[in-house]
Amino acid sequence: MIIYLSLLCATILCTFSCSTEEDPTTEETVDRENNPEDEDTEYEDPGDDDLDTNSQDLEYENMVGIDFSGSNATITNQFDGKGVTVQNNNGHIVIKSTITDKELNYVLSGTTDNGSVKIYGEYKFNLYLNGVGITNPTGAAINIQCGKKISVTLVEATTNRLVDGETYTEVNGEDMKGTFFSEGQLTFNGTGTLEVRGKYKHAICTDDYFQINNGNIVIKEAVSDAIHAKDYAQISGGTITSRSVGEGIDSDGYILVEGGTLDITTTGKKGHGLKTGEYITIDSNGAINITAKGTAAKCLNSDTDISILKGNLILETTGSAYYDTDDADISSAAGIKCNGNLVIESGNITINSSGTGGKGINVDGTLTIHNGVIAVTTTGGQYTYDRNNDTAAKAIKSDGNLTINDGTITVRTSGIEAEGLESKATLAIRGGEIDIEAYDDAINASNHIEFSGGKTYCYSTANDAVDSNGTLTISGGTVIAAGATQPEGGIDCDNNRFAITGGTVISVGGSTSNPTANVCTQYSVVYNTTGSNIEIVHVESTSDSKEVFTFKMPRKYNSQMVMLFTSPSLEKNTGYTIYTGGSISGGTDFHGLYSGATYTIGTSAATFTTSSVVTTIGSSGGMGGGGFPGGGGRP
């Protein structure tokens, strides 16, 4: 229905615009629409090689041919006097067609450094770029003033080049938006190459939809968008390589990537790799490489939802945050910025952000990860505008619920106050393998944190490994949490409900929240020690030496250290011994938690009996956290 309405609107527009026959020499100077602020000054334009067009000898039914040679052009028009007129104004070609019962085949070849092609019509047609080089110092190189579907073929083995000027000469109100402009739909096919420079505004622009099925499009510069589409943009195949100040691909509607290869660089302030007014869907096995260099620039930015069904994405931002006085808010760079909900079904996604306040993934709605391999690194520090406005770098953040069902996720942050995983609502880890090393909280949520499956390692350099400002539940999976020294800890949920009903947990830090005994069904232990500088901890039953766990510490705590551990192996009313030191050989480990290894006994540090569901050993170093720990231990 959407496509039908688009075609209907295009037909109505064509009735007015395609039949317009104003004098093409009417002129009015138009200022260049260029905002070079924050453009990457290190970039050196490599220029253009001598154009070897390699034009082919082509013959098509219903063909109209234009072969440029400097300011001259050879015109082949079998429809002269039969519905098609071709006007040559010193290399500036104007084609007007009234034919509506057959698709014409326009074939462009040859080169000109002061020419153009403008096409009026009332019916869809095919445009063959057959080794053509067009430079128009005062306007678009190709200007299609028809709202019908235009099928563009990049002829095999040819190289084509289109360049516009920095200022345009307006023609009685006709759109002036880019080097290759079309009122109608643009669909690219063929296996040739098209090079475009957009010196005035966009490089390729359509007031309808843009689609590429095949071909190699290289946009060497665009002072605004490399590709701009009003209705939608669909990448089904081919290769797009672009460098622009504005967006790489910008659509007022949606963007669908279901094939092809994208290599996009944007350099301007708030520039975007893919920018859409609706949604973005990526369902492609092709490579998608996007670099956003400008201040507050973003690789993917959607006003609604983003779905990554599969794909190989490498996203990089280098720009810093800034205070946007128009929005009265701080705007940050981001690998993925989603104003709606983000769903990741699968794929390989690598995101690097190096600017101050930069984000890896920033979602206003919910974030759900079902599978995939995701690696996010931020190295930027905190951005401060004034005492009331600042923002820190964050790897993965959502204002709504953040849910991980499966996948392999690696997170690294190093800047001041930079967090790993953050949800302003509920954060749930139900599966997958998560590896987080963060400067600030490795995992943080405002309302609730849930671990019910998977394997999670979280390490904080300067704060808590797991920090819930609300409640916390552990019912399954494996959790290794290493927080900073006192007063920070491995697990912190303030004085709120902390339930342990399953799973294996080893949490170390300067302190811990204590499990809430009356809601726990699995036994846990809070082990307090000081000045131990422990490297290895091994726990086994005292009577039969049955191993509970063997763990190599991820860091040293020279003063107060608190270890919270729980395991299905802990049994009621059973005595256990804690050994420190010793050695480990063989086996495998998940961030220090060994299985199938041989442990050589070290020093007996403490014994305890699980007479209560929560057992505390030594002087309390806990942060509270909802419970009455229960007792039953002895130093």
Side-chain angles (χ1 to χ4, degrees), residues 43-56 66-70 91 106-117 127-137 139-144 150-166 177-182 186-206 210-229 233 235 237-250 260-267 273 289 291:
Y43 172 68
E44 293 185 3
D45 192 328
D48 295 317
D49 297 330
D50 291 338
L51 182 60
D52 183 5
T53 61
N54 196 29
S55 301
Q56 308 294 306
I66 310 294
D67 185 7
F68 288 99
S69 179
Y106 297 112
V107 180
L108 307 183
S109 57
T111 62
T112 176
D113 59 5
N114 188 0
S116 64
V117 173
L127 179 63
Y128 291 84
L129 301 187
N130 179 33
V132 64
I134 302 174
T135 297
N136 184 3
I142 296 178
N143 188 344
I144 299 172
I150 293 88
S151 297
V152 182
T153 298
L154 307 179
V155 176
E156 181 181 3
T158 66
T159 299
N160 305 273
R161 180 177 295 162
L162 304 176
V163 182
D164 66 353
E166 294 185 2
K177 297 182 181 178
T179 310
F180 188 156
F181 173 74
S182 175
L186 283 178
T187 300
F188 285 82
N189 295 286
T191 58
T193 296
L194 172 62
E195 299 177 359
V196 186
R197 287 185 179 273
K199 297 176 176 293
Y200 167 72
K201 193 175 183 182
H202 309 311
I204 297 176
C205 178
T206 168
F210 168 90
Q211 181 174 351
I212 178 172
N213 300 313
N214 205 352
N216 181 29
I217 297 177
V218 180
I219 297 173
K220 293 189 173 181
E221 65 174 313
V223 298
S224 187
D225 303 339
I227 296 173
H228 184 94
I235 296 88
T239 300
I240 297 175
T241 304
S242 71
R243 185 181 186 91
S244 61
V245 176
E247 332 305 7
I249 301 176
D250 183 17
T261 299
L262 300 180
D263 189 347
I264 295 173
T265 300
T266 69
T267 62
N289 299 327
T291 301

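The structure displayed is predicted, hence computed values, not measured ones. Throughout, residue positions are numbered sequentially from 1 according to the sequence presented.
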task = Identify, with sequence neighbours excluded, every residue that meets side chain to side chain contact (heavy atoms under 4.5 Å, CB included) alongside N214.
result = T191

query = Can V117 and L127 be said to form a side-chain contact (heavy atoms from CB on, under 4.5 Å), step by step?
reply = CA-CA 11 Å; V117 173; L127 179 63; 5.9 Å; no

task = Answer yes or no: is there a donor N or O on one side and an acceptor on the other, between the side chain of H228 and the main chain of C205, under 3.5 Å?
result = no

ask   = Which distance, rounded to the nearest 0.5 Å, do you find between the CZ of R161 and the CG of D48?
value = 4.0 Å

query = Looking only at heavy atoms, what is the nearest atom pair of A222 and I219, with distance?
reply = CB-CG2, 4.4 Å

request  = List in chain and number order the residues that pass side chain to side chain contact (heavy atoms under 4.5 Å, CB included) with D113, two or more places apart in sequence or in another chain; answer none if no residue qualifies.
outcome  = none

query = Does a donor on one side chain and an acceptor on the other come within less than 3.5 Å for D164 and T179?
reply = yes

inquiry  = Please evaluate residues I249 and I264 with respect to the criterion side-chain contact (heavy atoms from CB on, under 4.5 Å), reporting the C-alpha separation (whole Å), side-chain torsions for both, the decisive distance (0.1 Å), and the verdict.
reply    = CA-CA 9 Å; I249 301 176; I264 295 173; 4.3 Å; yes

key: Closest contact, heavy atoms only, T159 versus D52   = CB-O, 3.8 Å

query = Can you name the residues that form a side chain to side chain contact (heavy atoms under 4.5 Å, CB included) with T206, not counting sequence neighbours?
reply = L186, D208, F210, A229

message = Please check this pair: side chain of D225 against backbone of E247, looking for a donor-acceptor N/O pair closer than 3.5 Å.
response = yes

message = Can you give me the closest heavy-atom contact between V223 and V245, atom names plus distance?
response = O-CB, 3.4 Å

message = Please check: side-chain N/O of N130 versus main-chain N/O of V155, any donor-acceptor pairing under 3.5 Å?
response = no

inquiry  = Under the side-chain contact (heavy atoms from CB on, under 4.5 Å) test against T135, which residue among V163, L162, N114 passes?
reply    = V163

query = What residue among I142, T153, T193, V107 forms side-chain contact (heavy atoms from CB on, under 4.5 Å) with L129?
reply = I142

query = What are the two closest non-hydrogen atoms of R243 and T267, and how far apart are they?
reply = NH2-CG2, 3.3 Å

note = Result for side-chain contact (heavy atoms from CB on, under 4.5 Å) between F188 and one of I240, I235, I217 points to I217

Euclidean distance, S182 OG relative to K177 NZ, rounded to 0.5 Å = 11.0 Å

ask   = What closest approach, in Å, do E156 and Q56 show between heavy atoms, and which atom pair accounts for it?
value = O-CG, 3.8 Å

query = Is there a side-chain contact between T111 and F68, using heavy atoms and a 4.5 Å cut-off?
reply = no

key: Residues R197, E221: salt bridge by 4.0 Å N-O rule   = yes

request  = Please confirm whether the backbone N or O of G131 pairs with a side-chain atom of S55, one donor and one acceptor, at under 3.5 Å?
outcome  = yes

query = Roughly how far apart are N160 CG and F180 CZ, rounded to 0.5 Å?
reply = 10.0 Å

key: Minimum-distance pair of heavy atoms, taken over all atoms of N136 and G115   = CB-O, 3.1 Å

message = Hydrogens and angles aside, do N189 and T187 bring a side-chain donor and acceptor to less than 3.5 Å of each other?
response = no

